[in-house]
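Only a predicted model underlies this, so the values are computations on that prediction, with no experimental measurement involved.
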Amino acid sequence: MGSKVSVQGDEWLSEVIACVPERATGSQTDQLADFVCRYYRRVVPDEYSERPVEALFGAPFSLWQFTQHRAPGTAAVRLFNPRVEEHGWKSVHTIVEIVNDDMPFLVDSVTMELTRQGHTVHKIIHPVMDVLRSPEGEFVGLGGVDQEPATGGVGSVRESFMCLEIDEQSAPEVLSTIQGQIVRALVDVRVAVQDWRPMLDQMDTTIQILVGSPPPVDAIQLDEAVEFLAWLGDNHFTLLGYREYDFNPDAEGDPLSMVATSGLGGLRDPNRHVLQSAGRDEQTSAEVITFLREPDPIIITKANLRSMVHRPVYMDYIGVKRFSKDGAMIGECRFVGLFTSAAYNRNPAQIPLIRSKVQRIMDLAGFPPTSHDGKALLNILETYPRDELFQISDDLLLEFSLAILRLQERPRARLFLRADQYRRFVSALVFLPREHYDTQLRRRVEAILQDAYDGSVVAHYTLVGDSVLARLHLIIRTQPGGPDPDPEELDARVVEAARSWGDVLHEALTELLGEERGNL
């Protein structure tokens with residue numbers, strides 16, 4: 001048996017441990033007491049010490065019973081509503097129990113999935129223990145506290161135990177749906193973790209292929225592409241999926257074909273498509289084919305898949321073309337995942353592809369680097385939404401950044417729109433008076449854009465700093481064949497929505513009395 005955790009000084013926990021002999025006998029008494037201590041080992045006592053002893057014991061005892069068997073390599077998940085007559089304790093919430101091999105992203109992914117389904121997570125306890133199991137998955141015992149599993153210990157497994165409390169759900173079909181979606185999310189976590197090393201190796205292989213059979217671009221562009229891929233693999237991109245495609249422009253019908261069994265991580269499933277929009281086939285869209293025929297070796301955009309691992313956002317898609325020895329495009333390697341926090345916090349001057357783009361914009365603008373405008377423009381580029389810097393063209397970035405620079409001289413509400421080249425979404429950068437910015441104004445702007453594009457806002461990000469203007473970044477998901485509104489008209493509508501009652505009054509007084517008296 002593993003060492004015991006002292007409960008001296010924790011009266012509430014001592015009372016919980018005292019319940020053990022009522023439910024266990026023989027050797028199981030010590031095992032269950034040890035399990036209960038480890039279950040509560042890292043909790044904040046104030047959050048639980050006021051609960052009835054039967055509930056404090058009932059939660060770990062239930063999880064203890066649930067963990068007595070777990071099929072190797074799978075997650076065990078169950079939901080129930082504790083009742084005194086059936087379970088010996090009660091709770092106002094539905095209980096979610098999960099036993100799984102310990103691995104990264106578990107808590108984030110489970111809570112993210114529950115939130116996505118609209119369920120509030122009230123409490124979560126997540127102990128990790130070293131467990132001994134038989135080859136069939138039967139529980140044998142617990143290992144030492146805070147000790148890594150013995151390297152040669154047969155059946156020694158580091159396991160994650162989760163007990164979550166969510167809003168009570170009584171309908172069996174709802175409980176079944178929640179359980180199924182949690183299991184699905186945990187499968188995504190497992191395949192991503194299992195395939196992380198193969199996907200990282202594939203990134204290295206892709207670099208070697210790109211160097212060995214380079215695209216018809218200049219050496220500087222090729223070097224930037226290679227350095228960018230190496231940078232991704234250096235803890236700047238969480239790899240969640242990979243797949244290969246062959247490209248045959250002379251093929252009848254679809255020139256792009258999936259390479260069987262090439263999928264890794266979340267793209268093991270051949271039915272998961274990276275660029276597919278509703279009502280469209282990602283492989284036959286004209287936008288995809290157009291990109292494939294261009295010489296640029298890399299494309300960076302958003303996938304049409306929301307991540308079920310780690311963060312509840314649309315995944316980032318990195319497409320790397322494969323070329324023949326004579327420079328003809330013959331296929332594509334697709335990586336999906338999430339840029340890490342290190343990638344978002346890094347200065348653009350240190351990021352391949354972005355650093356050269358920023359330098360090109362500075363050169364095209366023509367401002368002396370040490371001038372006021374030069375420094376201000378560089379700051380605009382360095383603080384530009386990172387995802388946008390990866391995806392926006394040089395021409396559009398130059399146009400937008402110079403216009404933003406002018407906003408510093410004459411602050412006013414302003415809207416900048418960029419359509420995704422695959423026509424799946426629109427990125428809207430909105431500058432609004434900081435003193436008027438609040439949730440209501442954000443929602444008014446969202447409503448204007450959703451109505452104009454007949455789409456839906458799937459993400460919003462706000463930056464409120466020292467400037468008199470707040471910056472709102474919206475992503476509007478669109479539909480094939482949807483409206484194509486006039487940007488100037490939309491800008492005018494946003495400006496109008498940002499006007500306060502004071503702005504309207506000032507304008508009326510100026511018009512009636514003149515500027516001198518109206519400004520009094």
Within a radius of less than 6.0 Å around CD of Glu173, do more than 12 heavy atoms belonging to other residues, nucleotides or ligands occur?
yes
Verify the neighbour count for atom CD of Glu488: are there more than 12 heavy atoms of other residues, nucleotides or ligands below 6.0 Å?
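Open.
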In this structure, which one of Phe431, Phe416, Tyr384 forms a ring-ring contact (aromatic ring centres under 6.0 Å, His included) with Phe400?
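With Phe400 as partner, Phe431, Phe416, Tyr384 yield a single ring-ring contact (aromatic ring centres under 6.0 Å, His included), made by Phe416.
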So, does Ser456 use its side chain to make a donor-acceptor pair with the main chain of Val458 at under 3.5 Å?
no
Intermediate values then yes/no, salt bridge (Lys or Arg N to Asp or Glu O under 4.0 Å), Arg443 and Glu446
CA-CA 5 Å; Arg443 289 176 176 168; Glu446 288 180 354; 5.8 Å; no
Will you find, in the side chains of [X] and [Y], an N or O donor that is under 3.5 Å from an N or O acceptor?
X: Ser427; Y: Glu388; value: yes
X: Asp167; Y: His119; value: no
X: Asp204; Y: Gln208; value: no

Would Tyr242 and Leu267 satisfy side chain to side chain contact (heavy atoms under 4.5 Å, CB included), going step by step from the backbone distance to the final call?
CA-CA 6 Å; Tyr242 171 80; Leu267 296 186; 5.7 Å; no
Taken to the nearest 0.5 Å, the spacing of Ile392 CD1 from Asp395 CG works out to 10.0 Å
Under-4.0 Å salt bridge between [X] and [Y]:
X: Asp296; Y: Lys321; answer: no
X: Glu496; Y: Arg499; answer: yes
X: Asp316; Y: Arg386; answer: no

Should the pair Arg424 and Tyr314 be classed as cation-pi, given the thresholds of under 6.0 Å to the six-membered ring centre and 45° from the axis?
no
Scan Arg268, His310, Arg272 and name whichever one has a side chain to side chain donor-acceptor pair (under 3.5 Å) with Asp188.
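Considering Arg268, His310, Arg272, a side chain to side chain donor-acceptor pair (under 3.5 Å) with Asp188 is found only for Arg272.
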Plane angle bin for Phe390 and Trp231 - parallel if under 30°, tilted between 30 and 60°, otherwise perpendicular
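Ring orientation of Trp231 relative to Phe390: tilted.
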